J.: 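Sharing a structure, written as structure tokens. Questions coming.
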Amino acid sequence: MAQKPSIPKGTRDFGPAEMVKRNYIFDTIKNVFKTFGYQPIETPAMENLSTLMGKYGEEGDKLLFKMLNSGDFLAKADANLLAERNSSKITNQISEKGLRYDLTVPFARFVVQHRNDIQFPFKRYQIQNVWRADKPQKGRYREFHQCDVDVIGSNSLLNEVELIQIIDKVFEKLNINVVVKMNNRKILAGIAETIGQPDKIIDITVAIDKLDKIGLDKVNDELLAKGLPQEAVDQLQPILNLSGTNTKKLEQIKEVLKDSEVGVKGVEEMETVFDWLTPLNVKTEIELDLTLARGLNYYTGAIFEVKALDMQIGSITGGGRYDDLTGVFGMPDVSGVGISFGADRIYDVMEQLDLYPKESSATTQLLFVNFGKMEQAWCLPVLSQLRDAGISCEIYPQAAKMKKQMTYANARKIPFVALVGENEMASGQITLKDMEKGEQANLTVGELINKLK
RNA sequence: GUGGAUGUAGUUCAGUUGGUUAGAACGCUGGUUUGUGGUACCAGAGGUCGCCGGUUCGACCCCGGUCUUCCACCCCA
């Protein structure tokens, strides 16, 4: 019995029409990366779980796709743990590999492993797919592509500025209206410190991250529920109510955080970034958003998030600075900063907003109708000549009915069809039909090449 | 992971208070036109009504489970 074919939840096939659009996105992003001097690398789809685990927080660990060990994996597992049926405890005994969750952690691993071959600061880009065992929704897939750019081995804030320029350039080219939201983990740490709750930084950031979604009252409720004392929540209020320009906000927050060393450092970093950015004529709106937190555990400085202005979807790009990601792999004190463009969400935005440039999705410019063996033999050398001239062309592989061949050309959106039968072979003049206009002309091979080139 | 919805031809959707042959449009195939597509006309193919089980004389319809897709939460690209 034939089974109905299907693919796993949250994964997708891409047909030719989709690939044309996806490649357009990848190429655009890649070209921008190159103009800023970044170099490509690739890493394996699977990593050792020890590389991946613990880097993304508790939530992240749960979302890792883990691969069963090869062979008789149960034989090596602890019998008592098996009897307990405790999945989380047994996991590391039966699985030691997993699919990568992002490109940043594998990159850190790559840097440590190849440190002797790398010229620092190392600017690399990496465009590959990643996997998350998330529950799929619109704009959320289990397999998706990230386009990462990172600089590692430099703590200059110029890198942050450069990343913003890259964001600006990419979305300008893709014609998507976006806002870049920025914050700094040091400011968040300073806030937690200032209100006397440095240990609660995670709870605080997670709660205030929801400010624009659930409102001030509910954020306060959540903070209290997480065990923050009322007075700490009260102290937080002026921070949550900040408004005005980025400069204004920074001035105010600087005053509030003046007793916190990290806090002041964070504010100064942001001031520098905005300062350097000012003369650069970046068109994208940059907004200091003190409620931006981002979950990934490894961020320590600036954090970025890019939202599309004309469509409701999660962030389409995100990233930040990580001061010690390589430290866990035995290479301390190497700071990096990077961002990741979410190609699949960018695709969704462009699809919904119909932002693709009007370019022909045809892969073939010219189709030769196949009239039979003789005509076919006559055409093949012509096809070779055309291809040498850089014209993409094909001949219908069998002498099917003319209608069928024309229908094929039409469906493939092939703009020109060449007809070569008895008359054409005798005269050496090929009948060329313009499929859009419906006009026909008789041309020599030379004329044909000139017309289509 | 929690909660809610969804699933009928290739596609978008009708439909049946549970009753025998399940419909439309578009698409597809063939013909009108064996050297001319996108228009028109004619004909035709295509569905075990997501899957498994239960209730029933009888289930596409009711019930349970399961999977898919979608929505909210969570988190994030």
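Everything numeric here is computed off the predicted structure, so don't read it as measured data. Below, read A as the first sequence line, B as the second, and so on, with proteins coming before strands; counting in each chain starts at 1.
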J.: Give the rounded distance in Å between these two atoms: CG of A:Leu64 and C1' of B:C76.
T.: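 A:Leu64 atom CG is separated from B:C76 atom C1' by 14 Å.
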J.: Shortest non-hydrogen contact from A:Ala232 to A:Leu228?
T.: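 Answer, listing the atom of A:Ala232 first, then A:Leu228: CB-CD2, 4.3 Å.
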J.: Indicate, with yes or no, if the rings of A:Phe341 and A:Phe171 have centres closer together than 6.0 Å.
T.: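 Ring-ring flag for A:Phe341/A:Phe171: true, centres closer than 6.0 Å.
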J.: Hey, what's the ring geometry for A:Tyr56 with A:Tyr298, parallel, tilted or perpendicular (30° and 60° as the breaks)?
T.: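 Perpendicular.
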J.: Could you state the atom-to-atom distance from CD1 of A:Ile430 to P of B:U36 in whole Å?
T.: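 Rounding to the nearest Å, CD1 of A:Ile430 and P of B:U36 are 19 Å apart.
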J.: Taking NZ from A:Lys413 and P from B:G38, how many angstroms apart are they, rounded to a whole number?
T.: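 Interatomic distance, NZ of A:Lys413 to P of B:G38: 15 Å.
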J.: On the 0 to 90° scale, with breaks at 30° and 60°, tag the A:His114-A:Phe110 ring pair as parallel, tilted or perpendicular.
T.: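 If you compare the ring of A:His114 with that of A:Phe110, the planes turn out tilted.
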J.: I want to check one thing: is the phosphate of B:C76, taken as OP1 and OP2, less than 4.0 Å away from some side-chain N or O of A:Lys135?
T.: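 False: A:Lys135 side-chain N/O out of range (4.0 Å or more) of B:C76 OP1/OP2.
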J.: Identify whether any heavy atom of A:Gln405 sits under 4.0 Å from a base atom; if not, whether one sits that close to sugar-phosphate; answer base, sugar-phosphate or nothing.
T.: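 Result for A:Gln405 = nothing.
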J.: Across the strands shown, which category fits A:Gly60 at heavy-atom distances under 4.0 angstrom: base, sugar-phosphate, nothing?
T.: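 No contact.
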J.: Given the P atoms of B:C13 and B:U8, what is the spacing between them in whole Å?
T.: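 The answer is 9 Å between these two P atoms.
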J.: Any side-chain N or O of A:Gln137 below 4.0 angstrom from OP1/OP2 of B:A72?
T.: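 Affirmative; the distance criterion is met.
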J.: Select base, sugar-phosphate, or nothing to describe what A:Phe341 touches, counting heavy atoms under 4.0 Å on all strands.
T.: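 Counting heavy atoms under 4.0 Å across all strands, no contact is made by A:Phe341.
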J.: Touch check for A:Gly319, heavy atoms < 4.0 angstrom, all strands: base, sugar-phosphate only, or nothing?
T.: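 No contact.
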J.: Is A:Ile316 touching bases, backbone alone, or none of the nucleic acid, heavy atoms closer than 4.0 Å?
T.: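 Sugar-phosphate contact only - A:Ile316 comes under 4.0 Å of backbone atoms but never of a base.
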J.: What's A:Lys401 touching, base or sugar-phosphate or nothing? Going by heavy atoms closer than 4.0 Å.
T.: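 A:Lys401: backbone/sugar contact only, no base atoms under 4.0 Å.
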J.: With rounding to the closest Å, how many angstrom separate the P atoms on B:A5 and B:C41?
T.: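 Their P atoms lie roughly 44 Å apart.
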J.: Under 4.0 Å, heavy atoms only, any strand: does A:Glu424 hit a base, just the sugar-phosphate, or nothing?
T.: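 If one applies the 4.0 Å heavy-atom cut-off, A:Glu424 turns out to touch a base.
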J.: Taking the same atom, P, in B:U21 and in B:C60, what whole-Å distance lies between them?
T.: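 Between the two P atoms, the distance is 11 Å.
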J.: So, A:Tyr347 versus A:His145, ring centres under 6.0 angstrom or not?
T.: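 No; A:His145 has its ring centre 6.0 Å or more from that of A:Tyr347.
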J.: If I pick the C1' atom on B:U36 and the same atom on B:U20, what distance separates them, to the nearest angstrom?
T.: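 After rounding to an integer number of Å, I get 50 Å for this pair.
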J.: Which value, in whole Å, describes the distance between the C1' atoms of nucleotides B:G15 and B:G7?
T.: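 About 16 Å, rounded to a whole number of Å.
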J.: At under 4.0 Å between heavy atoms, what does A:Gly318 touch on the DNA or RNA strands: base, sugar-phosphate, or nothing?
T.: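 Counting heavy atoms under 4.0 Å across all strands, the contact made by A:Gly318 is with sugar-phosphate only.
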J.: Is any side-chain N or O of A:Lys403 closer than 4.0 Å to OP1 or OP2 of B:U36?
T.: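 So the side-chain polar atoms of A:Lys403 never come under 4.0 Å of the phosphate oxygens OP1 or OP2 of B:U36.
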J.: Please report the shortest heavy-atom distance between A:Gln126 and A:Leu103, naming the atom on each side.
T.: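 The pair with the smallest heavy-atom distance is O-CD1, 3.3 Å.
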J.: What interatomic distance, in whole Å, is found between P of B:A24 and the corresponding atom of B:A9?
T.: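 Their P atoms lie roughly 14 Å apart.
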J.: When all nucleic acid strands are considered with a 4.0 Å heavy-atom cut-off, which category describes A:Lys210: base, sugar-phosphate, or nothing?
T.: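 Since only primed, P, OP1 and OP2 atoms lie under 4.0 Å of A:Lys210, the category is sugar-phosphate.
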J.: Establish whether the base of B:G37 is bridged to the side chain of A:Lys433 by a donor-acceptor pair shorter than 3.5 Å.
T.: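 When only heavy-atom distances are counted, A:Lys433 does reach the base of B:G37 through a donor-acceptor pair under 3.5 Å.
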J.: Hey, is the side chain of A:Arg140 pairing donor to acceptor with the base of B:C75 inside 3.5 Å?
T.: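 Side chain to base: pair found, below 3.5 Å.
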J.: Base, sugar-phosphate or nothing for A:Val206? Non-hydrogen atoms, less than 4.0 Å.
T.: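 Sugar-phosphate contact only - A:Val206 comes under 4.0 Å of backbone atoms but never of a base.
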J.: Heavy atoms only, 4.0 Å cut-off, all strands: where does A:Lys138 land among base, sugar-phosphate and nothing?
T.: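 It contacts sugar-phosphate atoms only.
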